[in-house]
Amino acid sequence: MPQTLFIDIPEDFSFRSTVYSHGWCDLAPFSLDTENWRLSYVFTDGKNSVPGVIAEEDGRLRIDLVKAKPRAEKVLADVRHILRLDDDLRDFYDVIQHNDRLRWVGKLRAGRLLRSPTVWEDLVKTICTTNCSWALTKNMVNNLVAKLGNKGAFPTAHAMASQDEEFYKQEIRSGYRGPYFIELAEKVVSGELDPQSWLHSDLPTAALKEEMKKVKGVGDYAAENLLKLVGRYDGLALDSWLRSQFYKNHNNGKTCKDIKIERHYRKFGEWRGLVIWCDMTEKWHA
DNA sequence: GCGTCCAGGTCTACC
DNA sequence: GGTAGACCTGGACGC
């Protein structure tokens, strides 16, 4: 039986700015209808999966599900998590409020970065973004969902651990990343690694980053991207795209060393990773 | 049609 | 600890 759920939203929350905060809305099992501003996602509890559509309606969020499983509490918790409804960005807005270039961020209530319901999903997707074009990232993630996911949901670690290197090469088209995925999935299944624990880790950011880098395929960029997704913004997560945007926006189109980029954002302290991301993506929100 | 380059980098061997 | 070279894929580009 279809089910409709509602969630109240915080005052400083913008559905559009959050959904469009980075490329995740374009990766399965997310899909975005920009005409009607509806974000689709396939929710799962590991056993049951259900496609859902999230939209803003009368100042709150409306979630339409085609059936009642997984349980409403699980879906509501997932929506709160992916849209970062419980994140407190007041300090971030304070830090940037006197910066002319960044005034739009507060105005559009931007800054919440869309994420997946689980760190596991964000981790696998982040590995899919490394050393390839965005088109290839989408292709790999689409293949993972279509060929290993339960009814359109993102695959579990169990599902990913059950395949061999040949499968990842031929079916997922993930190239050299296949062995990385298998090793990662096996560690998660065995309990040796619990990516979800990174969300509430007591480790200092530098130490947590080193933990993340123990996963094969996760280097500086990937770890700092994941840190942003678990709510720590003191790494810039520089990749070729972010660097090219900085050169265009702050260096007359000329390349420069990373240290110059780091110096530029140092004054924003623990928020610098979120500041550079907002600074470089302003046009997306125009 | 073919070869080269490179994209939302990382790993390993070697120094 | 720093660095060169290898690594899958597939689209863009030049010829």
Side-chain angles (χ1 to χ4, degrees), chain A residues 19-28 30 32 113-116 119 121-148 160 163-187 193 195 206-230 232-233 235-251 253 255-259 261-262 265 272-285:
Chain A
V19 167
Y20 228 37
S21 54
H22 63 135
W24 255 217
C25 63
D26 211 18
L27 293 181
F30 282 113
L32 179 62
L113 302 179
L114 186 73
R115 61 186 171 185
S116 309
V119 182
E121 183 175 332
D122 282 336
L123 172 54
V124 173
K125 284 177 172 174
T126 297
I127 292 172
C128 289
T129 66
T130 58
N131 195 28
C132 65
S133 63
W134 184 246
L136 188 55
T137 297
K138 283 171 69 174
N139 196 32
M140 284 186 269
V141 174
N142 275 337
N143 288 336
L144 284 171
V145 168
K147 297 178 180 185
L148 284 178
M160 284 187 66
Q163 300 296 335
D164 59 16
E165 287 184 26
E166 197 60 15
F167 175 85
Y168 284 99
K169 200 171 175 64
Q170 299 303 330
E171 301 294 325
I172 306 300
R173 311 300 294 167
S174 57
Y176 65 90
R177 300 170 192 80
Y180 298 170
F181 289 145
I182 295 168
E183 185 180 317
L184 168 63
E186 285 175 345
K187 281 185 179 174
L193 179 70
L208 182 56
K209 181 177 168 184
E210 290 311 306
E211 278 302 301
M212 291 172 166
K213 284 175 69 175
K214 286 179 184 167
V215 176
K216 283 241 180 72
V218 175
D220 283 325
Y221 151 74
E224 289 181 4
N225 187 58
L226 282 163
L227 283 168
K228 289 181 183 180
L229 296 178
V230 299
R232 303 197 194 202
Y233 303 100
L236 296 183
L238 292 177
D239 56 21
S240 56
W241 184 83
L242 211 50
R243 288 187 182 94
S244 71
Q245 296 304 308
F246 181 87
Y247 303 151
K248 263 188 239 173
N249 287 294
H250 291 293
N251 210 42
T255 60
C256 62
K257 291 193 171 171
D258 288 353
I259 188 72
I261 306 177
E262 283 158 16
Y265 292 99
R272 56 190 180 272
L274 189 52
V275 171
I276 186 176
W277 186 255
C278 290
D279 194 18
M280 297 301 106
T281 57
E282 179 182 3
K283 285 181 183 161
W284 294 8
H285 299 271

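Note that these values count all heavy atoms, side chains included, but never hydrogens, waters or copies made by symmetry. Protein chains get the first letters and strands the later ones, always in sequence-line order, with residue 1 at the start of each.
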- Task: Give, ordered by number, those residues of residues 208-226 of chain A having at least one heavy-atom distance below 4.0 Å to an atom of DNA chain B; if nothing qualifies, reply none.
- Result: A/Val215, A/Lys216, A/Gly217, A/Val218, A/Gly219, A/Asp220, A/Tyr221, A/Ala222
- Task: Kindly indicate whether the side chain of A/Lys216, heavy atoms from C-beta on, has any atom under 4.5 Å from the side chain of A/Leu184.
- Result: no
- Query: Given the rule in the salt bridge (Lys or Arg N to Asp or Glu O under 4.0 Å) test, do A/Glu121 and A/Lys125 qualify, once you have shown the distances and angles that lead to the verdict?
  - Reply: CA-CA 6 Å; A/Glu121 183 175 332; A/Lys125 284 177 172 174; 2.7 Å; yes
- Message: Could you check whether any side-chain heavy atom of A/Met160 comes within less than 4.5 Å of a side-chain heavy atom of A/Leu144, counting everything from C-beta outward?
- Response: yes
- Message: According to salt bridge (charged side-chain N to carboxylate O under 4.0 Å, His left out), who are the partners of A/Asp279, at least two apart in sequence or on a separate chain?
- Response: A/Arg101
- Could you work out the separation of B/dG8 and C/dG5 based on their P atoms and round it to a whole Å? 24 Å
- Message: Below 4.0 Å from chain A heavy atoms, what is the first contacting nucleotide of DNA chain C and what is the last?
- Response: C/dC7 to C/dG10
- Query: Out of A/Phe246, A/Trp134, A/Tyr247, A/Trp277, which one pairs with A/Trp241 under the ring pair (Phe, Tyr, Trp, His ring centres under 6.0 Å) rule?
  - Reply: A/Trp277
- Query: Is A/Thr130 touching bases, backbone alone, or none of the nucleic acid, heavy atoms closer than 4.0 Å?
  - Reply: sugar-phosphate
- Query: Side chains of A/Ile276 and A/Gln245: closer than 4.5 Å at any heavy-atom pair?
  - Reply: no
- Message: Within the 4.0 Å heavy-atom criterion, would you say A/Leu136 contacts the bases, only the backbone, or no part of the nucleic acid?
- Response: base
- Where does the chain A footprint on DNA chain B start and end, counting 5' to 3' with a 4.0 Å heavy-atom cut-off? B/dA7 to B/dT12
- Task: State, yes or no, whether a side-chain contact exists between A/Asn143 and A/Glu171 at a heavy-atom distance under 4.5 Å.
- Result: no
- Under a 4.0 Å N-O cut-off, is there an ion pair linking A/Lys214 with A/Glu211? yes
- Verdict with reasoning, A/Leu227 to A/Leu208, per side-chain contact (heavy atoms from CB on, under 4.5 Å): CA-CA 8 Å; A/Leu227 283 168; A/Leu208 182 56; 3.8 Å; yes
- Between the side chains of A/Tyr180 and A/Ser174, is a donor N or O closer than 3.5 angstrom to an acceptor N or O? no
- Message: Just to be sure I understand the geometry, which residues of residues 170-179 of chain A put a non-hydrogen atom under 4.0 Å away from DNA chain C?
- Response: A/Arg173, A/Gly175, A/Tyr176, A/Arg177
- Query: Would A/Leu27 and A/Lys138 satisfy side-chain contact (heavy atoms from CB on, under 4.5 Å), going step by step from the backbone distance to the final call?
  - Reply: CA-CA 6 Å; A/Leu27 293 181; A/Lys138 283 171 69 174; 3.6 Å; yes
- Message: I'd like to know whether A/Leu32 forms a side-chain contact (heavy atoms from CB on, under 4.5 Å) with A/Asp26, so could you lay out the CA-CA distance, the side-chain angles of the two residues, the decisive distance to 0.1 Å, and finally the verdict.
- Response: CA-CA 7 Å; A/Leu32 179 62; A/Asp26 211 18; over 6 Å; no
- Message: Applying side-chain contact (heavy atoms from CB on, under 4.5 Å) to A/Lys213 and A/Asp220, what does each step give before you reach the verdict?
- Response: CA-CA 7 Å; A/Lys213 284 175 69 175; A/Asp220 283 325; 2.8 Å; yes
- Check: A/Trp24 and A/Asp122 side chains under 4.5 Å, non-hydrogen atoms: yes
- Determine, for A/Glu224 against A/Lys228, whether the closest basic-nitrogen to carboxylate-oxygen distance falls under 4.0 angstrom. no
- Both distances under 3.5 Å, Watson-Crick or G-U wobble: on that basis, could you give the dot-bracket string for DNA chain C, with [ ] for crossing pairs and | for other-strand partners? |||||||.|||||||
